[in-house]
Amino acid sequence: MSSTGTAAAAATAAAPGADALQHRFEQVVESEQRIEPRDWMPDGYRATLIRQIAQHAHSEIIGMQPEGNWLTRAPSLRRKAILLAKVQDEAGHGLYLYSAAETLGVDRAELTEKLISGRQKYSSIFNYPTLTFADVGVIGWLVDGAAICNQVPLCRCSYGPYARAMVRICKEESFHQRQGYELLMTLSRGTESQRRMLQDAVDRWWWPSLMMFGPPDADSPNTAQSMAWRIKRHTNDELRQRFVDMTVPQAERLGVTLPDPDLEWNEERGHHDFGEPDWEELGRVIRGQGPCNAERIDRRRSAHQEGAWVREAAAAHAAKQASRARTTPSAGGAA
Ligand SMILES: [Fe+2]
Ligand SMILES: [Fe+2]
């Protein structure tokens with residue numbers, strides 16, 4: 001129970017003016033308490049959260065596709081069971097996050113519509129293809145690893161429903177990262193061609209993973225406001241640095257080379273120096289010109305269309321239950 005809920009209570013008791021509401025909101029945020037759905041919040045705060053949570057939810061759902069492509073081709077029953085569990089977790093993450101977004105007054109159907117019509121984004125990383133089974137391991141290690149760096153600070157986000165959803169999501173992301181690393185460890189102890197497959201996957205995913213933290217701080221104009229609202233806790237460049245520092249020793253243990261000639265330990269800074277990602281490539285992928293953008297959205301759109309009968313059946317069932325509860329009030333709720 002981190003929330004006070006008092007901003008909403010104060011609003012109804014004394015009907016304070018806009019300044020008082022703003023002040024109360026700032027106090028809650030600054031004292032590390034949580035803003036809850038019924039509390040007053042600035043329009044910009046609400047809009048920023050809706051955009052961020054929706055984009056996050058879309059990323060979880062679209063993110064099922066690159067790995068889902070390997071479910072029928074997993075090399076063993078054990079690998080298939082692990083991958084199936086992981087992909088199902090991502091569906092669950094999407095659902096928690098759509099629910100968190102709904103507490104801000106939007107509807108999940110509306111968000112899905114915005115995704116499939118290209119009006120809302122998802123993480124650019126999922127627009128790259130998965131060419132071999134080593135990609136499944138590298139996605140777990142690097143992509144879920146980067147997601148953990150991004151998401152652990154969100155467990156302390158000022159908006160309660162988002163922060164609470166992230167606690168469980170982060171626990172599952174740790175499992176994803178470990179399953180990926182374990183798969184890659186197995187490959188690294190395998191044959192020469194398995195080690196080549198591992199290195200090739202690392203070469204293809206390294207730079208897109210660094211881009212997951214977004215543009216450099218100088219080109220990220222919304223960061224300062226998000227940090228003031230305590231939605232975001234660290235800048236893009238800080239998180240990227242943390243990810244590189246965390247990943248380099250893991251790469252050494254795997255015996256792979258990270259494809260960056262500028263990557264080296266800087267004793268003075270106490271961090272690794274590293275090269276500049278290709279920001280033009282990120283721009284192209286965000287604009288829809290990545291290798292798999294069209295394929296991902298087509299797949300999502302057709303899944304949505306094919307699922308229409310399920311949504312209709314569920315809505316009809318809910319309406320029937322509700323009308324039964326109205327006509328026989330004493331029996332209502334027994335189901
Ligand atoms: Fe996830
Ligand atoms: Fe994950």
Side-chain angles (χ1 to χ4, degrees), residues 49 51-71 74 78-102 108 111-112 115 120-130 133-157 159 161-185 201-202 204-206 208-214 231-232 239-240 242-243 246-247 250 292 296 299-300 303:
L49 276 167
R51 198 187 56 238
Q52 179 171 336
I53 300 174
Q55 185 165 322
H56 193 164
H58 298 330
S59 302
E60 302 283 356
I61 298 297
I62 296 281
M64 294 164 75
Q65 291 186 38
E67 291 175 287
N69 282 339
W70 282 93
L71 282 172
R78 176 172 177 269
R79 293 288 169 202
K80 186 175 179 138
I82 293 170
L83 183 56
L84 198 55
K86 198 248 183 190
V87 172
Q88 283 178 332
D89 279 356
E90 305 300 7
H93 299 174
L95 298 186
Y96 306 150
L97 288 164
Y98 284 125
S99 298
E102 285 190 326
R108 178 174 150 197
L111 299 178
T112 301
L115 168 67
Q120 272 178 346
K121 306 268 179 228
Y122 55 90
S123 176
S124 56
I125 192 79
F126 301 118
N127 291 311
Y128 291 86
T130 39
F133 200 72
D135 290 31
V136 169
V138 169
I139 288 177
W141 176 40
L142 296 181
V143 176
D144 289 280
I148 291 169
C149 284
N150 266 330
Q151 293 174 8
V152 165
L154 289 174
C155 298
R156 292 184 298 125
C157 162
Y159 187 58
Y162 193 26
R164 289 188 290 273
M166 292 320 299
V167 173
R168 175 155 176 191
I169 289 178
C170 283
K171 285 187 181 146
E172 293 178 345
E173 294 302 351
S174 307
F175 154 66
H176 299 171
Q177 206 256 0
R178 291 174 76 97
Q179 67 82 32
Y181 197 72
E182 189 267 345
L183 195 166
L184 299 181
M185 230 359 144
V202 172
R204 284 181 290 108
W205 289 93
W206 174 249
S209 300
L210 290 191
M211 293 178 203
M212 283 176 70
F213 298 93
I231 295 174
K232 203 166 169 169
L239 292 168
R240 199 172 357 255
R242 187 178 290 187
F243 174 71
M246 180 183 96
T247 307
Q250 296 171 350
C292 301
R296 301 288 184 243
R299 180 77 198 91
R300 182 69 193 89

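As the structure lists them, so they are numbered: ligands from 1, and atoms in each ligand from 1.
The Fe ion (ligand 2) lies closest to atom ND1 when only the N/O/S atoms of His176 are considered. Atom OE1 is the N/O/S atom of Glu60 found closest to the Fe ion (ligand 1). Checked against the Fe ion (ligand 2), the N, O or S atom of Glu90 at the shortest distance is OE2. No other N/O/S atom of His93 lies as close to the Fe ion (ligand 1) as ND1 does. Of all N, O or S atoms in Asp144, the one lying closest to the Fe ion (ligand 2) is OD1.
A side-chain donor from one of Arg168 and Tyr96 sits under 3.5 Å from a side-chain acceptor of the other. Residues His176 and Glu173 bring a donor and an acceptor atom of their side chains to less than 3.5 Å of each other.
Between His56 and Tyr98, the distance from one ring center to the other does not fall under 6.0 angstrom.
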- Task: Determine, step by step, whether Asp135 and Tyr128 satisfy the side chain to side chain donor-acceptor pair (under 3.5 Å) criterion, reporting the C-alpha distance in whole Å, the side-chain angles of both residues, the deciding distance to 0.1 Å, and the verdict.
- Result: CA-CA 10 Å; Asp135 290 31; Tyr128 291 86; over 6 Å; no
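Using a 30° and 60° split on the angle between ring planes, Phe243 and Phe213 fall in the tilted class, from 30° to 60°.
Taking 2.8 Å as the criterion, Glu173 counts as a coordinating residue of the Fe ion (ligand 1), since one of its N, O or S atoms falls below it.
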